Amino acid sequence: MVNQHSIPLYQALLQAYEERFSGSRASEPDAIHKLRQNAFHTFQELGFPTTKVEDWKYTNVIPFLRENYTLSTTPQATATELEQAHQAAAIPGMDCYTLVLHNGQLQPAVDTNQLPAFLKVISIEEAMQEPSFQKHFGKIVDAGKHHFAALNTAMFTGGLFLEIDANSHLDKPLHIIHTYSSADNLFTQPRNLFVVNRSASLSIIESVVAPGNGATVFVNGLTEVAVAENANVQHYTLQTANEQLRNLHHTEVSQKRDSVYSGYTFSLPSAQLLRNNLHINLDDEHTETHLYGLYLANSKQLVDNHTFMNHRFANCESNEVYKGVLLDNAVGVFNGKVYVHQDAQKTNAFQQNNNLLLSPKAVINSKPQLEIFADDVKCSHGTTIGQLSQEAMFYLQSRGIGEDAARAMLVTAFAFDVTENIRIPALEEHINKLITQHIPAKQELVNV
Amino acid sequence: MMLSIKNLHAEVEDKKILKGINLDIKPGEVHAIMGPNGSGKSTLSAVLAGRENYTVTEGEVLFEDKDLLDMAPEIRAREGLFLAFQYPVEIPGVSNINFLRTALNEIREYKGLPPMEAKEFLRLTKEKQKLVEFDAKLINRSLNEGFSGGEKKRNEILQLAMLDPKLSILDETDSGLDIDALRIVSGGVNKLRNEHNSFVIITHYQRLLEYIVPDFVHVLYDGRIVKSGTKELALELEERGYDWLKESYPATETVH
Ligand SMILES: Nc1ncnc2c1ncn2[C@@H]1O[C@H](COP(=O)(O)OP(=O)(O)OP(=O)(O)O)[C@@H](O)[C@H]1O
Ligand SMILES: [Mg+2]
């Protein structure tokens, strides 16, 4: 049993809550104050999860939490930090709108592209009087159920509010760069709300970077996404942060009738800890959901993807493909839960998780979880764990392709089921390049 | 000499399969290798191409006077050796065209040549595609994935035509081909054939050898070449089978 009080961060959080959030705050509506209070009580009851908690069985966060962290950050990034962020997150050849959040704080626009009037992008603090904020904030995620979601709800600072008007279509992807850097160890909890109104459509690319080599940054982030009737969202997350980052992110989506949500999660080296919770609530009939994931982990990375497809209504379709490539001493976790409620007849739910182990010391824990309470459904899932095919390697080599190039080709090919579904060509090319970059030469594979 | 095999012994998983092969191939020559199932024909081609799990226990192979067995598979290919596989591998997610471009450019780099210009590459691909009547739609698909047997074999010959090797080994490229496909494949090989390059044609059927006329025919039996002759030998084998040869060369004990 872990004594929560033995974790300095836990103490620091209790104290900070008392100082900053326990009384009502002039800047925040009462509803938010109540939400924070309730969530804080939940967190006090739950504490940080140990590996005894089923959802955290393979991911021990406690050691990551034991470092000393400060809880406050400077609101504005330096010019150098911004430049590093742009460099680290650059996607060559991509035409897009760009925003930067530094340690969760929205930075003044440096981008020359003017955002169209139908798209509102403001900090979460500024958004609290917005009708859409009040309608959705804290209502999509159930903070009572999740340790870190409760903590985030109680004590979030910073983050982004984004809203696109009904019937609007964003002509270019919106690239949101989340950059983290700090001179002292930092624990930060940004909170985002994306509202996609009726029949609107857009593509969002969120890059998570931690350039440079500063102190440890632990992020406990949460994003709620409201997808209204007939809206269409492509939501990409690309995590390429350096080693000093530990990133827990909870994304909770609510989909209304006839909407389409496509979530893409790409986790690449070398953040020490990545935990992505992606929960999709199908809150009406006739929705379509695609979840694509690719994790390529090396060194001692721990990359954990937990997805939850919550089929609550009839006639909905979900399709999920996660692929993992594990190198060195990396540990991967995939937990994909599909829950089909009794009323969710005519559900089509498909899930697949394939893993490639390129090192004898790499580990994957894959656990599909189907819970089906309706009788007229089509559901399937599959998990594979394998190595590169020697036959395929030989075939490529026998045509003059060097061993290292052949290996990179096969890994890229393995990822193809995921990457071929990227709808932005520059992004697809970028991801394929990143994959190739991280496939080590034979020498390095052998010397692990 | 293009290829010189001397007393080659090889085994796989401690099973002796090649038991002393001797074969010399000069530039411009076409050699056919025939022999019953399991006699070691594919093993010989795999050993020549450098497949990892086959261990050479004795003998040597010189490819243009260089020690072939010392080279990694990709180096053998870059030096000009090509194996058309009996069973080409399907590789989902690797596009045929990218594969061809990568292979061609790796070989060019080895020879000190710059990567081929995109335009020139397309022209060459089109030309060779016509030569083997390879369906243009297949060129952008994943490598061999879902190809019919005949399409896979034609793809092997397309690769052969693109990479322009010095020595090509065709392992049962004719098996399972209908007569049209056979005509196309052998027509392609005949057009690629010249006084500088050589072919080893592994086949069970004399039919192919009417299209690609060999200079020599060898019979491989129980890991050894037990008879060599000219193209008439193929006819004789077709009529008489292999039993008359088996009788004069009793199988050696296989050690397990
Ligand atoms: N990887 C392997 N492991 C075990 N035995 C093998 C392996 N590869 C080949 N063999 C055995 O070696 C022998 C020769 O096989 P090979 O494929 O070379 O024959 P072949 O002459 O090409 O036959 P075919 O005409 O049927 O193609 C066979 O007995 C086969 O079972
Ligand atoms: Mg064979």
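Sequence lines set the chain letters: A, B, ... in the order given, protein chains first and strands last, and positions in each chain run from 1. Because the structure is predicted, anything quoted here is derived from the model rather than measured.
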With a 4.5 angstrom heavy-atom cut-off, could you sort out which part of B/Pro165 is near chain A: side chain, backbone, both or neither? neither

Just give me the residue among B/Ala72, B/Ala46, B/Ala77, B/Ser142 that pairs up with chain A most often, heavy atom to heavy atom, under 4.5 Å. B/Ala77

Answer yes or no: is there an ion pair linking B/Arg154 with B/Glu151, defined by an N-O contact shorter than 4.0 Å? no

Please give me the minimum heavy-atom distance between A/Ala297 and A/Ala330, naming the atom from each residue. O-CB, 3.4 Å

Interatomic distance, A/Tyr236 atom OH to A/Ile204 atom CD1 [nearest 0.5 angstrom]: 11.0 Å

Any ion pair linking B/Glu106 and A/Arg399 (charged N to carboxylate O, less than 4.0 Å)? no

Tell me, side chain or backbone of B/Leu104 under 4.5 Å from chain A's heavy atoms, or both, or neither? neither

At a 4.5 Å cut-off on heavy atoms, which part of B/Arg51 comes close to chain A: side chain, backbone, both, or neither? both

